[in-house]
**Q** 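So that we are looking at the same thing, I have put the structure below in structure tokens.
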Amino acid sequence: MKTILVTGSAGFIGANLVLRLLESKEPVRIVGLDNLNSYYDVALKQYRLKQIEEKCCQESTVNTHVYQFVKGSIADRELVNKLFNEYKFDIVVNLAAQAGVRYSIENPDVYIESNIIGFYNLLEACRHHPVEHLVYASSSSVYGGNKKVPFCTDDRVDNPVSLYAATKKSNELMAHCYSKLYDIPSTGLRFFTVYGPAGRPDMAYFGFTNKLLRGETIQIYNYGNCRRDFTYVDDIVEGIVRVMYKAPAKKTGEDGLPVPPYAVYNIGGGQPENLLDFVNILQEELLRAGVLPQDYDFESHKQLVPMQPGDVPTTYADATALERDFGFTPKITLREGLRHFAEWYKEFYACP
């Protein structure tokens with residue numbers, strides 16, 4: 001039985017990963033770690049944790065999988081070391097991070113604490129308690145202002161346009177260093193604009209829905225001339241699961257020293273969508289699900305505004321390496337994904 005640590009397990013991607021692992025054919029022991037901070041509505045995090053609890057009570061998981069939730073932060077080194085000592089993890093999936101590009105401009109401290117110090121604590125724990133594989137969340141934000149598209153992991157990523165992006169690139173550099181020095185197999189995953197039911201309210205699709213329902217105006221950045229490579233959360237989770245069970249091989253170089261067992265992959269849909277087209281699809285699905293009335297005047301609730309600090313005009317993943325090495329590429333269309341979100345939103349918020 002593999003023992004797996006999932007940090008950020010009450011978060012959007014983390015909770016969905018735990019739910020997916022609880023469906024594994026082979027028994028697994030999962031420890032979920034999350035500090036349940038108030039960056040966004042904690043009720044959503046509690047909702048996700050309740051979903052996991054309900055899953056654990058289902059007949060299919062009883063007596064096969066073991067799950068335990070621990071409230072705490074990866075920035076708490078004593079707690080991290082205690083968990084590694086106690087559970088002897090085989091696989092670590094680090095999804096705990098302070099997210100948000102714009103939030104990092106006004107609140108840099110929390111990014112250093114979670115994304116730098118917290119990640120360092122995990123690397124040190126993996127060093128002293130060797131694991132089969134460390135998988136960690138990076139971000140498409142590391143590509144910064146790159147003009148070349150689609151973004152490839154071979155591209156230089158030396159021009160971050162937000163502190164959030166800089167911390168994610170720092171994670172990749174730190175992981176490479178620890179892989180080289182201590183032979184720790186590690187894989188970074190650059191996620192591209194993840195969305196879906198029970199997602200983060202600060203993401204555009206969720207925030208737009210909240211504002212439209214309140215009769216407020218939504219702001220569409222760069223006058224609508226942005227493109228995003230939206231990736232549905234189930235596709236992200238499928239990619240993580242395939243990667244986590246196939247660590248980079250440990251090899252020795254010509255100099256007799258270890259070649260870092262290190263890799264980085266993009267996980268993105270590979271189909272960048274114009275922001276105005278995205279808004280139109282969202283509108284249609286909100287009407288279809290009954291979140292908004294059929295006679296809703298969308299045009300009077302839209303405002304085209306300039307690009308915001310920290311934003312980039314285009315994100316576009318080249319995920320051919322993921323398909324080559326793991327036989328997987330994201331498949332869920334934007335309309336299908338936004339339909340799932342709209343239906344969930346209608347149910348969760350009991351829209352009239």
Side-chain angles (χ1 to χ4, degrees), residues 1-36 44-72 74 80 83-84 86-97 122 125-126 129-138 185-189 191 194-200 231-248 263 265 267 322 325-332 337 340 344:
M1 177 184 285
K2 297 289 186 185
T3 302
I4 303 167
L5 173 64
V6 178
T7 70
S9 63
F12 179 34
I13 300 173
N16 278 281
L17 174 61
V18 172
L19 289 169
R20 172 69 168 74
L21 292 174
L22 289 171
E23 295 176 351
S24 302
K25 293 181 180 178
E26 297 297 324
V28 290
R29 176 183 290 108
I30 305 165
V31 177
L33 176 65
D34 200 295
N35 64 2
L36 297 176
L44 271 173
K45 300 179 182 182
Q46 297 288 1
Y47 165 81
R48 298 180 191 130
L49 291 177
K50 185 178 179 182
Q51 283 187 307
I52 294 171
E53 290 173 6
E54 291 174 350
K55 186 75 172 179
C56 289
C57 293
Q58 291 179 3
E59 185 177 348
S60 60
T61 59
V62 173
N63 300 324
T64 55
H65 304 304
V66 179
Y67 166 76
Q68 179 179 352
F69 175 72
V70 177
K71 183 179 179 181
I74 59 173
V80 169
L83 292 176
F84 273 75
E86 181 175 352
Y87 290 100
K88 308 293 189 295
F89 298 113
D90 298 299
I91 298 171
V92 174
V93 183
N94 180 43
L95 301 171
L122 290 173
C126 290
H129 305 274
V131 298
E132 295 175 9
H133 198 187
L134 167 64
V135 180
Y136 60 95
S138 186
S186 69
T187 302
L189 299 175
F191 300 147
V194 189
Y195 74 102
R200 281 174 30 213
T231 316
Y232 190 68
V233 65
D234 287 2
D235 279 333
I236 290 288
V237 167
E238 181 63 28
I240 295 172
V241 171
R242 295 195 184 208
V243 168
M244 60 187 277
Y245 287 116
K246 187 179 176 183
Y265 293 93
I267 303 185
L322 185 74
D325 294 346
F326 299 95
F328 174 73
T329 188
K331 299 176 177 61
I332 298 172
H340 292 321
W344 168 84

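As a basis for the values below, the full set of heavy atoms in this structure was taken, side chains included, without hydrogen atoms, waters or symmetry mates.
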**Q** Within the 4.5 Å heavy-atom criterion, are V237 and D235 side-chain neighbours or not?
**A**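 When only atoms from C-beta onward are counted, D235 and V237 do not touch, as no gap falls below 4.5 Å.
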**Q** Which pair of heavy atoms, one from C56 and one from L22, lies closest together, and at what distance?
**A**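 Looking at all heavy atoms of both residues, the shortest contact is SG-CD1, 3.8 Å.
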**Q** So, does R200 use its side chain to make a donor-acceptor pair with the main chain of G11 at under 3.5 Å?
**A** no
**Q** Using a 4.5 Å cut-off on heavy atoms from C-beta on, say whether the side chain of L33 contacts that of K71.
**A** no
**Q** Quiz question: by atom type and distance under 3.5 Å, do the side chains of Y87 and Q68 form a donor-acceptor pair?
**A**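 Indeed, the side chains of Y87 and Q68 share at least one donor-acceptor pair under 3.5 Å.
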**Q** I want to check something: taking the side chain as every heavy atom from C-beta on, are Y67 and V28 in contact at a cut-off of under 4.5 Å?
**A** no
**Q** Could you tell me whether the side chain of V93 reaches within less than 4.5 Å of the side chain of L5, counting heavy atoms only?
**A** no
**Q** Mind checking ring pair (Phe, Tyr, Trp, His ring centres under 6.0 Å) for F328 and listing every partner two or more places apart, or none if nothing turns up?
**A** none
**Q** What's the shortest heavy-atom distance between P185 and P248, and which atoms?
**A** CB-O, 4.0 Å
**Q** Say whether, by atom type as modelled, one donor and one acceptor occur between the side chain of K88 and the main chain of V131 under 3.5 angstrom.
**A**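 Answer holds: no.
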**Q** Quick one: pull up OG in S9 and CG in L19 and give me the separation to the nearest 0.5 Å.
**A**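 Output value for this atom pair is 10.5 Å.
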**Q** Is there a side-chain contact (heavy atoms from CB on, under 4.5 Å) between K2 and E132 once you walk through the steps?
**A** CA-CA 10 Å; K2 297 289 186 185; E132 295 175 9; 2.8 Å; yes
**Q** As an exercise, state the distance from CE of M1 to OG1 of T3, rounded to the nearest 0.5 Å.
**A**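 If I round to the nearest 0.5 Å, the distance is 7.5 Å.
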**Q** Can you find a side-chain donor-acceptor pair between N94 and T7 that sits under 3.5 Å?
**A** yes
**Q** Less than 4.5 Å apart, side chain to side chain, heavy atoms only: is that true for L21 and V6?
**A**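 Yes. Closest side-chain heavy atoms under 4.5 Å.
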**Q** Working note: F84 + L122, criterion side-chain contact (heavy atoms from CB on, under 4.5 Å); need CA distance, chi angles, decisive distance, verdict.
**A** CA-CA 9 Å; F84 273 75; L122 290 173; 4.1 Å; yes
**Q** Once ring pair (Phe, Tyr, Trp, His ring centres under 6.0 Å) is applied, do any residues pair with Y232, and if so which ones, sequence neighbours excluded?
**A**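 With neighbours one apart ignored, the set is Y195, H340.
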**Q** Do V31 and V66 pass the side-chain contact (heavy atoms from CB on, under 4.5 Å) test, and can you show the C-alpha distance, the side-chain angles, and the key distance before you say yes or no?
**A** CA-CA 8 Å; V31 177; V66 179; over 6 Å; no
**Q** Would you call I240 and F191 a side-chain contact if the rule is heavy atoms closer than 4.5 Å?
**A**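 I240 vs F191: side chains touch.
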**Q** Quick one: closest heavy-atom pair of L95 and A137, and the distance?
**A**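 Shortest heavy-atom separation between L95 and A137 comes out as CD2-CB, 3.8 Å.
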**Q** How far apart are the closest heavy atoms of F12 and G196, and which atoms are they?
**A**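 Closest heavy-atom pair between F12 and G196: CZ-N, 3.5 Å.
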**Q** Under 3.5 Å, is there a donor-acceptor pair between the T187 and H133 side chains?
**A** yes
**Q** Thinking salt bridges, do K331 and E238 make one under a 4.0 Å N-O criterion?
**A** no
**Q** Would you give the length of the straight line joining atom CD1 of I4 to atom CZ of F89, rounded to the nearest 0.5 angstrom?
**A** 10.5 Å
**Q** Does some side-chain heavy atom of C126 sit less than 4.5 Å from a side-chain heavy atom of V92?
**A** yes
**Q** Rounded to the nearest 0.5 Å, how far apart are CD of Q58 and OG1 of T64?
**A**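 Spacing of CD (Q58) from OG1 (T64) equals 10.5 Å.
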**Q** For a 4.5 angstrom cut-off between non-hydrogen side-chain atoms, does K55 reach Q51?
**A**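 Contact flag for K55/Q51 side chains = no.
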**Q** To the nearest 0.5 Å, what is the distance between OH on Y265 and OG on S138?
**A** 14.5 Å
**Q** Please report the closest heavy-atom contact between G337 and I332, naming both atoms and the distance.
**A** N-CG2, 4.0 Å
**Q** Could you go through the side-chain contact (heavy atoms from CB on, under 4.5 Å) check for L189 and V135 one step at a time?
**A** CA-CA 8 Å; L189 299 175; V135 180; 3.7 Å; yes
**Q** Without swapping roles, check the side chain of R48 against the backbone of A198 for a donor-acceptor pair under 3.5 Å.
**A** yes
**Q** Quick one: CZ on R242 to CD1 on I267, what's the gap to the nearest 0.5 Å?
**A** 11.0 Å
**Q** So which heavy atom on V80 is nearest to which on A125, and how close?
**A**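 Answer, listing the atom of V80 first, then A125: CG1-CB, 3.8 Å.
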**Q** Does a sphere of radius 6.0 Å around CD in E26 hold more than 12 heavy atoms from other residues, nucleotides or ligands, not counting ones at 6.0 Å or beyond?
**A** no
